> 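Quick one: the structure is below, and I'll ask about it shortly.
Sequence positions, counted from 1, serve as the residue numbers for this chain. This is a predicted model, so every value here is computed, not measured.
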Amino acid sequence: MLGKLSLEAFKHDQIVMFGVMSMIGAGLLAVILLTVFKKWKWLYKEWLTTLDPKNIGIMYIFVAILMLLKGISDAGLMRVQQATSSGASEGIMSATHFQQIFSAHGTTMIFFVAMGLMFGLINLIVPLQIGARDVAFPLINAISFWLFVAGMLLINTSLAIGEFSAAGWLAYPPLSELAYSPGVGVDYWIWALQIAGIGSLLSGVNFITTILRMRCPGMKLMRMPLFCWSVLGSMTLVVSAFPILTVTLALLALDRYMGMHFFTSGFGGNPMMYVNLIWAWGHPEVYILILPAFGVFSEVVATFSKKRLFGYKYMVYAIIAITVLSYLVWLHHFFTMGAGANVNAFFGIMTMIIAIPTGVKVFNWLFTMYRGRVKFSVPMLWFLGFVFTFTIGGVTGVIMAVPPVDFQLHNSLFLVAHFHNMIIGGVVFGYLAAINYWFPKFFGFKLNERLGKLSFYFWIVGFATAFIPLYILGIMGATRRLNHYDASQGWQSLFIVAAFGALLIVIGIALLVAQIIVSVIKRKQNIDYNGDPWDARNLEWSTASPVPFYNFAVLPEVHDRNAWWDAKHKKHKITEPTVYDKIVLPKNTSIGFLIGVLAFMIGFGLVWHITWLAAAPFIVIVCLLIYRSNQENTEYTVPMSVIERIEKANKLKAQAS
């Protein structure tokens, strides 16, 4: 009846139990607060059933920030373990627990922090920047989010019930095969990623369609903001790369569940096929994450330099080049695995070539700043931090693109430091810049500048302190996944410095949370009255803050790349209508939320081999989709009087400022 589930699954050590109790305590606190303030109906109507991409975007970012706290906790535990586990000392955790923490950290940060922040920003910004009221497929958008949440819940459930994978964040065979990982950890990893990955694929289709088919009048492709171009490149990679991940995870599941041998050496299987497949997805995944961050920096630099973006066309061509070239570099992740000199040479050269369009973008941002009236607000500081960290990561990446050098540095902490330079310095810094930049647009007030700058300084100093020692350790021969080492190696002092750097990053994250809390408390001091607190350039700033639920009372008409700047400073003024037309929007529905709950049940059932729990929710999902496809009354009309009242109130607020 309960498959492999037994009481043994609930037994954990003290560190894990502390994490479990923390999650339970946070959940109980949320329930108490919702009950005390009578917010259950509000939660259901405004959030759980919403199809508004703005609300969905905010929920993506909220979940991603929660997972960031978990991911940085995992990182802190690893740093403490490596700083203390030398010689006779075994540190604070067992080798198996360390490997689970290692695997959970990578999985959490890539799939549920970086991807969550990315899709959150895309939901918030893209419809506004292209002058649309919604996305192409609102229900699919909601389903995508709730599948993302279902995958996140599976990851966290493994903390309380059973275990997580100890096979690394990419689960290479044979370590991830049943013979070497007989527990449920790898199964949690497979189904969490499979469910969330299907949601990502649906989002990719949705946003490509939105960008190509829902742009407002006059917005040609070469008039789109750079952020939209970066999203188009990223989503193109999503729809072409994530099916590879889906198939790869399915084949690994067949190996584990049905005794297949796709990736085992016996009976004709080949572990290297898995490595090729996972990196055929994995390297485009890096650019899936980084391209929208590049788009963010393009918006931030132009706004805070008070200049048009330098070399717009070349920036677009660079995005297209990166999108294409990202498929031709995956093998540099396993130069040491015997592919041969010719193959290694090709992929080494391609890895160096892809640095060219990336370099073009960095130089164009710097030229945009040249002779501009640069204002060093918090978003701009995150950009400057990105230039520093990402340049180091880019240089070290080109070094490792040389196969003979990679033979020495492969699987070392040098590689770990390089990867974090790219992902944290590029992706996370970009999305933190975006949160500070666009926050007033959706909440109606700016974030606290002082705490934002303090958070940035702790982040940047902590980042350098945490990862520069890892470059040195990598050159000295320290490998990744190392939970213990001999004292004679002379590594411990550098590991202690790296742990101190991680502590500084934790303080930076705490200040980020404090920045949001203080800003909410003191929101009246930083209200955005006119919807354009930065004197920005694109259409999202032409609406009121917070953005009305319908985005635009009248769809704008675009005549220039910087449509809002053009309207403010040139001849193409946005005309105020005397009569508003009614607006048709999709009704809220609980189907996306229900599918997320059912997907979680399917994943949990598959992890523990509870057949009925996996089969029954799947049947219900099919029935829900059939029911929805036969519904006709799925939209509602916003009356002209409602639109007129909201627009009049927003104009009065702007005039009062």
> Quick check: do Trp47 and Asn55 have side-chain heavy atoms less than 4.5 Å from each other?
yes

> Mark yes or no for whether Ser234, through its side chain, and Ile288, through its backbone, hold a donor-acceptor pair below 3.5 Å.
yes

> So, for Trp541 and Tyr437, is the gap between ring centers shorter than 6.0 Å?
yes

> Report the C-alpha distance between Val149 and Met59 in whole Å, list the side-chain angles of each, state the deciding distance to 0.1 Å, and finish with yes or no for side chain to side chain contact (heavy atoms under 4.5 Å, CB included).
CA-CA 10 Å; Val149 172; Met59 289 193 292; over 6 Å; no

> Between Gln129 and Pro225, what is the shortest heavy-atom contact and its length?
OE1-CB, 3.3 Å

> Suppose we call two aromatic rings close when their centres sit under 6.0 Å apart. Are His283 and Trp279 close by that rule?
no

> Using ring centroids (six-membered ring only for Trp), state whether Trp365 and Phe386 fall under 6.0 Å.
yes

> Ala114 and Val427: which non-hydrogen atoms are nearest, and at how many Å?
CB-CG1, 4.0 Å

> Which atom pair, heavy atoms only, marks the closest approach of Ile354 to Ile322?
CD1-O, 4.1 Å

> The test is side chain to side chain donor-acceptor pair (under 3.5 Å); show your working for Thr634 and Lys587 and say whether it passes.
CA-CA 6 Å; Thr634 60; Lys587 288 182 178 179; over 6 Å; no

> Which of these, Trp382, Phe388, Phe297, sits in a ring pair (Phe, Tyr, Trp, His ring centres under 6.0 Å) with Phe429?
Trp382

> Where the side chain of Lys307 meets the backbone of Val374, is there a donor-acceptor pair that is under 3.5 Å apart?
no

> Just wondering, do Ile353 and Leu325 contact through their side chains at under 4.5 Å, heavy atoms?
yes

> Under the side chain to side chain contact (heavy atoms under 4.5 Å, CB included) criterion, do Asn141 and Leu51 qualify, and how do the steps go?
CA-CA 7 Å; Asn141 198 32; Leu51 295 187; over 6 Å; no

> Would you say Lys568's side chain and Ala536's backbone share a donor-acceptor pair under 3.5 angstrom?
yes

> Are Trp229 and Leu221 close enough, and set up right, to give a side chain to side chain contact (heavy atoms under 4.5 Å, CB included), and what steps lead you there?
CA-CA 8 Å; Trp229 267 109; Leu221 284 174; 3.8 Å; yes

> May I ask you to check whether Phe148 and Phe111 place their ring centers less than 6.0 Å from one another?
no

> Do Phe294 and Phe390 have ring centroids that are under 6.0 Å from one another?
yes

> Locate the shortest heavy-atom distance separating Arg373 from Lys306; write the atom from each residue and the value.
NH2-CB, 3.7 Å

> Is any NZ, NE, NH1 or NH2 atom of the basic residue among Asp560 and Arg308 found under 4.0 Å from an Asp or Glu carboxylate oxygen of the other?
yes

> Tell me the closest heavy-atom pair linking Ile130 and Thr210, and the distance in Å.
CD1-O, 3.5 Å

> How are the rings of Phe367 and Phe363 set to each other: parallel, tilted or perpendicular (split at 30° and 60°)?
tilted

> Considering non-hydrogen atoms only, spot the tightest contact between Tyr580 and Lys651 and give its length.
OH-NZ, 3.4 Å

> Verify ring pair (Phe, Tyr, Trp, His ring centres under 6.0 Å) between Phe227 and Trp438, making sure each step is shown before the conclusion.
CA-CA 13 Å; Phe227 181 76; Trp438 278 302; 5.5 Å; yes

> Taking Tyr312 for its side chain and Leu226 for its backbone only, find out whether a donor-acceptor pair lies under 3.5 Å.
no

